[in-house]
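Here the structure is laid out as structure tokens; the discussion comes afterwards.
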Amino acid sequence: MKIKPMKIKPKFGSFSSITTRLVFTYFLIMLITLFLFSYYILTTIRVYLYDDEKLNVATMSNVVASFAVDYMDPETGLLDEDGFERFVNEVGVDSQMRVMVLGLDATVMYDSQNNRNLIGTAQVRPSVLTAINGTDGYMQYTNDDGMITLDASAPIKNSDGNIVGVVNVVYVPETTGRFVNTIFTETIFLIVVICVFVGIIIFVIANLVSKRIVDFTSKITSMSDDGILDEKLDISGNDEISRLGEAFNIMSEKVVTLEQHRVQFVSDASHELKTPLSSIKLMADSILQNPDIGMDYVREFLEDMNTEVDRLNRIVNKLLYITRMDAHANDDDKRMELLCLNDVMAGIERNLKPIADKKDISLIFSTPGTIFLTANKDVLWQGIYNIVDNAIKYSDPEGYVLVAMDKVDGEVVIEVRDSGVGIASEDISKIFDRFYRVDKARSRETGGTGLGLSIAIAAIQFHGGRIDVTSELGQGSNFKIIIPDTTLAPNEEVEQ
Ligand code: ADP
């Protein structure tokens, strides 16, 4: 059997591939997590370190401001630069801190750095303005080189509490800046290394998983390409993929069996149809090739041809019924309903009584009471009818056919007993096969098609039931139809 394979071969790189999706998803989750985590840690460290530095700078501006007033002329407000310089050296201000003393107009009167090049210039900076207004000022800004500058100002107050100037301290904590920058660069480096490392591991793991699926896919594709369906997938391990392989192997076994049945069925059906057709053709040829054939012969041939056409009709009808059963098991016309089995049996009796009477066979139906069951009427009818019909067909004249029904241990049991030819034990297992007949000549004589029991078993199995057969050659047969009783209330009522 050739089944066109689906051309779906996702490769690594295309987003439909499991490997790509796994690697990409894990990578993204890891990257986002690492970045958020690092950002939080780095920000915390940075804030902690700079808070410390800010305190130093602010304290320094306050300390210097409290002493600076001693070096200012109370009349003019001018600063004794040399004296103040000595004070700054004595206090031991960090050489990286730039200390400036400014007048109330923000003009620099003292500058501890860069050859005092800002002296005489106005430094209208926010922190300075805040201090001129009487409160400590602080600012922090980032230079072009990424370093952070801390800028703190404190008002200089005379003994009356009046503001006479401002001390401004500017500090670039290079060690802290370099430390923070180093941690930042190293963290980025670490994130990249972790990403690459984990990415490789995820890739390897995902590849191992998808490789087995790819192996399965290529094996399945080559199986369907070459039409070899009975090959098996190699299953090792006990994981989900192994179970997928197992399920596939079971399915392919079923497909092979179904295919064998299909081929057998088509071949048997063609053969069965060919036999009556050949007879008809033969008889028609005989009439046509004998122009002098008498009317009596023609009539005899036509009667035989009519019988064969009836046979063909029966075979075709049963074949159609079988295919409908196979293909439409869940159709609406197979819906289950609550049935009174007695009514179904009465209908079958009415249909078959004339046939039994013609053969002088006693057809006796017996029931202990009213039995209800949930079933599909037409399908159930086919199941019981074919078995009772056979019992009459395979019984000799003046025999009997007993049909009894009962409800035993939650099961509905319909027993069909006949006084017919019986079935050899080796044939019992085959009589339900399509087109199987123990005695072809007899079946043909009685108008059999070899399909009655296969329809019956399919119909009973449709109701979740089974058929038990006991028989002895020459002694008659007993067909027991057993259907689980899914009906509750009505039957309970009957039993009470
Ligand atoms: P058929 O149309 O030939 O009766 P079935 O599928 O109904 O086909 O039955 C298959 C074969 O089983 C019959 O040909 C017959 O040989 C055998 N068989 C079925 N029912 C009986 C029976 N009650 N007694 C004896 N043989 C039976």
Side-chain angles (χ1 to χ4, degrees), residues 261 264-265 268-269 271-276 279 307-323 325-326 348-349 351-353 355-356 358-365 379-405 413-462 466-482:
H261 283 162
Q264 187 65 43
F265 181 65
D268 290 347
H271 182 76
E272 292 299 326
L273 293 172
K274 203 167 164 261
T275 314
S279 305
T307 309
E308 292 301 325
V309 170
D310 283 347
R311 221 168 111 68
L312 270 177
N313 207 24
R314 275 198 305 279
I315 296 176
V316 170
N317 279 339
K318 290 200 170 177
L319 282 176
L320 280 174
Y321 187 80
I322 287 175
T323 38
M325 278 273 287
D326 284 352
I348 293 175
E349 188 180 2
N351 264 260
L352 290 176
K353 192 93 176 106
I355 302 171
K358 219 187 251 178
K359 280 184 79 181
D360 210 6
I361 289 171
S362 331
L363 178 62
I364 302 156
F365 278 69
V379 180
L380 184 71
W381 172 287
Q382 289 287 341
I384 304 168
Y385 182 93
N386 277 298
I387 287 173
V388 182
D389 183 36
N390 275 351
I392 299 168
K393 252 182 359 194
Y394 296 102
S395 285
D396 290 327
E398 294 174 11
Y400 64 85
V401 172
L402 301 176
V403 185
M405 59 175 183
V413 180
I414 301 151
E415 208 171 337
V416 183
R417 186 186 294 271
D418 67 58
S419 58
V421 292
I423 308 159
S425 54
E426 67 268 22
D427 288 317
I428 289 181
S429 61
K430 300 177 205 154
I431 54 172
F432 293 101
D433 293 349
R434 286 168 185 181
F435 298 113
Y436 186 81
R437 279 162 292 190
V438 178
D439 181 346
K440 283 206 176 212
R442 185 173 185 128
S443 164
R444 200 176 154 73
E445 215 177 88
T446 54
T449 58
L451 294 170
L453 283 185
S454 59
I455 290 178
I457 190 81
I460 299 305
Q461 283 173 348
F462 174 82
R466 62 182 198 279
I467 302 173
D468 290 347
V469 185
T470 48
S471 185
E472 217 174 298
L473 267 183
Q475 300 294 312
S477 312
N478 186 9
F479 283 72
K480 209 187 251 183
I481 301 168
I482 300 152

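Start at 1 and go down the list; that is how both ligands and their atoms are numbered. Only a predicted model underlies this, so the values are computations on that prediction, with no experimental measurement involved.
- Between Phe365 atom CZ and Leu402 atom CG the span is 10.0 Å, to the nearest 0.5 Å.
- For Gln475, there are no side chain to side chain donor-acceptor pair (under 3.5 Å) partners at least two apart in sequence or on another chain.
- Every residue meeting the side chain to side chain contact (heavy atoms under 4.5 Å, CB included) condition with Asp418, not counting sequence neighbours, appears here in chain and number order: Ala391, Ser395, Val401, Ser477.
- Every side chain to side chain contact (heavy atoms under 4.5 Å, CB included) that Ala424 has, sequence neighbours left out, goes to Glu426, Asp427, Leu473.
- With respect to the salt-bridge test (charged N to carboxylate O, under 4.0 angstrom), the residues Glu272 and Lys318 do not qualify.
- Residues lining ligand 1 at a heavy-atom distance below 4.0 Å are given as Asn390, Ala391, Lys393, Tyr394, Asp418, Val421, Gly422, Ile423, Ile431, Tyr436, Arg437, Val438, Asp439, Ser443, Gly448, Thr449, Gly450, Leu451, Gly452, Leu453, Ser477, Phe479, ordered by chain and residue number.
- Remark: Arg417 CZ to Ser471 OG distance equals 11.0 Å, nearest 0.5 Å.
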